[in-house]
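To find a chain, count down the sequence lines: A is the first, B the second, and so on, and within it residues start at 1. Keep in mind that what you see is a predicted model, and the values were worked out from it rather than measured.
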Amino acid sequence: MESADFEPWIAILFASLMLLVIGFFMLAMLIVYQKKKTKHYKEQQQLKTEYEQSVLKAKVEIREETLKYVGLELHDNVGQLLSLIKLYLSRPGTEQKTDVKQLINQAIMDIRKLSQDLNINRVEQYSLSDFIEQELNKVHKAGIVKTWFDNEGFCEPSNAQNRLMISRIFQECINNILKHAEAKNIFVKLVAENSGCMLHIADDGAGFQIDAAHMGSGLINIYDRVKLIGGDIQIASTIDNGTTIKLRIPHI
Amino acid sequence: MDSYTIILFLLIFLGGLIGFYKSKSITPPVLKLFPYFLMMQFSYQLIASLYSFVFTNFKSNYPIFNIFYLINFVFFSFLFSQIISAKWKRIFIAITAIIWVVFYFINLFHIQGISLLMTYSRTMLGILVVTYSLLYFHEILTDDKNQKNPLRDATFWVVTALFFFYLCSTLTISLWNYLVINKAYFGNVLMKIYAFILYSMYIAGFLLHKNYLRLEKPL
């Protein structure tokens with residue numbers, strides 16, 4: 001009789017114990033989940049901050065590049081034209097009037113062009129292919145390197161910040177070629193693909209040894225930016241055989 | 001049949017109904033089979049109870065349970081192989097499931113037979129389900145990509161229910177002979193408590209489930 005009275009209590013105790021263990025187990029899993037969620041949130045925030053900083057940096061660098069280019073153009077081009085006009089005007093003669101007029105027109109055209117380039121927000125206003133074309137035209141105009149551009153399909157990042165990053169990556173690649181490659185030709189191809197876009201940049205310059213240990217800040221910046229836009233970059237180069245860069249731009 | 005058994009049957013049936021009602025929003029797809037599984041549990045346990053307590057004079061219903069051990073285990077191993085994504089864990093589940101099935105038939109034809117309750121197969125089944133559950137818990141704890149709240153995930157509730165049910169019931173069956181108190185009464189009460197908790201957790205899982213896939217779609 002004693003045992004029969006005792007047994008339900010054991011059963012209730014056992015059931016309560018089991019429920020308590022299950023409760024603790026679920027609570028532990030919930031705590032782990034909350035910790036993982038917080039960690040994930042912090043990582044997302046950090047990534048967002050890094051991305052915003054990178055966009056800002058790219059913006060500043062593009063402005064600096066533009067100002068540098070405009071400064072050089074003013075000095076080498078418009079400055080020369082104005083000096084020539086001054087020289088003509090210092091020697092009075094009716095036959096020179098048409099030449100002076102032509103030079104002034106040329107100077108006006110160049111200044112107008114420069115004022116367009118000075119538009120800091122041009123990256124946000126122009127399409128990616130237009131920006132590439134403009135940048136290549138500048139290089140081509142300098143006369144040292146020939147440039148070739150092939151645009152296949154429609155390839156346009158919808159996000160202006162990502163477009164800015166890609167533009168800056170492209171500018172950095174071209175700057176590297178001009179500074180180090182001693183190339184005669186630059187071949188650029190922008191191709192629309194199912195998974196996004198592919199930007200090929202190739203040159204016939206000196207090439208270089210790809211060594212992560214000796215990677216300059218320019219290349220590190222390129223890799224960082226590609227990572228931030230969720231893209232992928234492949235650089236292939238051999239000494240005396242030029243360099244090929246393949247940048248995969250995801251649908252953004 | 002006592003009133004506790006009837007309540008337990010109602011609980012299983014209710015679990016099945018809620019499962020069917022929520023099956024559209026339940027993920028992963030393998031869990032959509034779970035309400036059918038619960039209805040099968042309801043049917044065979046009802047048939048087993050009616051056979052013993054209503055239609056015959058306490059005749060053994062062990063053959064029915066023995067047959068359904070095989071069906072239950074095949075379903076559980078399939079369920080775990082679908083909810084666990086790590087390849088080595090899935091291979092482990094497949095290999096151990098085959099070994100269990102082979103052992104089941106050896107036990108059926110050469111060791112315990114169908115007329116006795118096949119406790120060897122039942123114990124091995126319990127150990128394997130507990131192991132598979134631990135593999136699942138390991139996966140959700142180590143997978144950083146998994147951002148689901150476990151308490152809003154039916155899979156977690158189902159696996160936790162299976163884990164505790166099979167852990168406790170297998171231990172109880174294993175320690176059966178060492179119980180100093182009234183075995184038949186105490187064991188029966190414990191098994192019913194485990195079953196109540198098991199089916200209640202299934203129902204809680206279905207009711208609390210949140211469809212993360214649907215939420216991730218753009219508005």
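- Crowding of K36(A) atom NZ: a count of heavy atoms from other residues, nucleotides or ligands under 6.0 Å exceeding 12.
- Counting non-hydrogen atoms of neighbouring residues, nucleotides and ligands closer than 6.0 angstrom, the NZ atom of K189(A) reaches no more than 12 such neighbours.
- When the shell of 6.0 Å around CG of N57(B) is examined, it contains 12 or fewer heavy atoms from other residues, nucleotides or ligands.
- Summarising the local packing, NZ of K192(B) is surrounded by more than 12 heavy atoms from other residues, nucleotides or ligands at distances under 6.0 Å.
- Residue-environment remark: CD (Q209(A)) stays at or below the threshold of 12 foreign heavy atoms within 6.0 Å.
- Environment of OH in Y51(A): crowded, with over 12 heavy atoms of neighbouring residues, nucleotides or ligands closer than 6.0 Å.
- Between F25(A) and F164(B), the ring planes are perpendicular. Angles over 60° get that label, and only those under 30° would be called parallel.
- With a 4.5 angstrom heavy-atom cutoff, F156(B) touches chain A only via side-chain atoms.
- Between the CE atom of M26(A) and the CH2 atom of W157(B) there is a distance of 4.0 Å, given to the nearest 0.5 Å.
- Residue contact with chain B, scored on non-hydrogen atoms closer than 4.5 Å, involves the side chain of M18(A) exclusively.
- Contact record, A15(A) with I193(B): CB-CG2, 3.3 Å, taken as the closest heavy-atom pair.
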(request) Verify side chain to side chain contact (heavy atoms under 4.5 Å, CB included) between L141(B) and M29(A), making sure each step is shown before the conclusion. (result) CA-CA 8 Å; L141(B) 287 175; M29(A) 294 302 275; 4.0 Å; yes
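- Taking both residues in full, the closest heavy atoms of M201(B) and I22(A) are given as CE-CG2, 3.8 Å, listed atom of the first, atom of the second, then distance.
- With a threshold of 4.5 angstrom between heavy atoms, I140(B) approaches chain A through its backbone and through its side chain.
- More than 12 non-hydrogen atoms from other residues, nucleotides or ligands lie less than 6.0 angstrom from OH of Y44(B).
- Side-chain atoms of K37(A) do not come within 3.5 Å of backbone N or O of K148(B) as any donor-acceptor pair.
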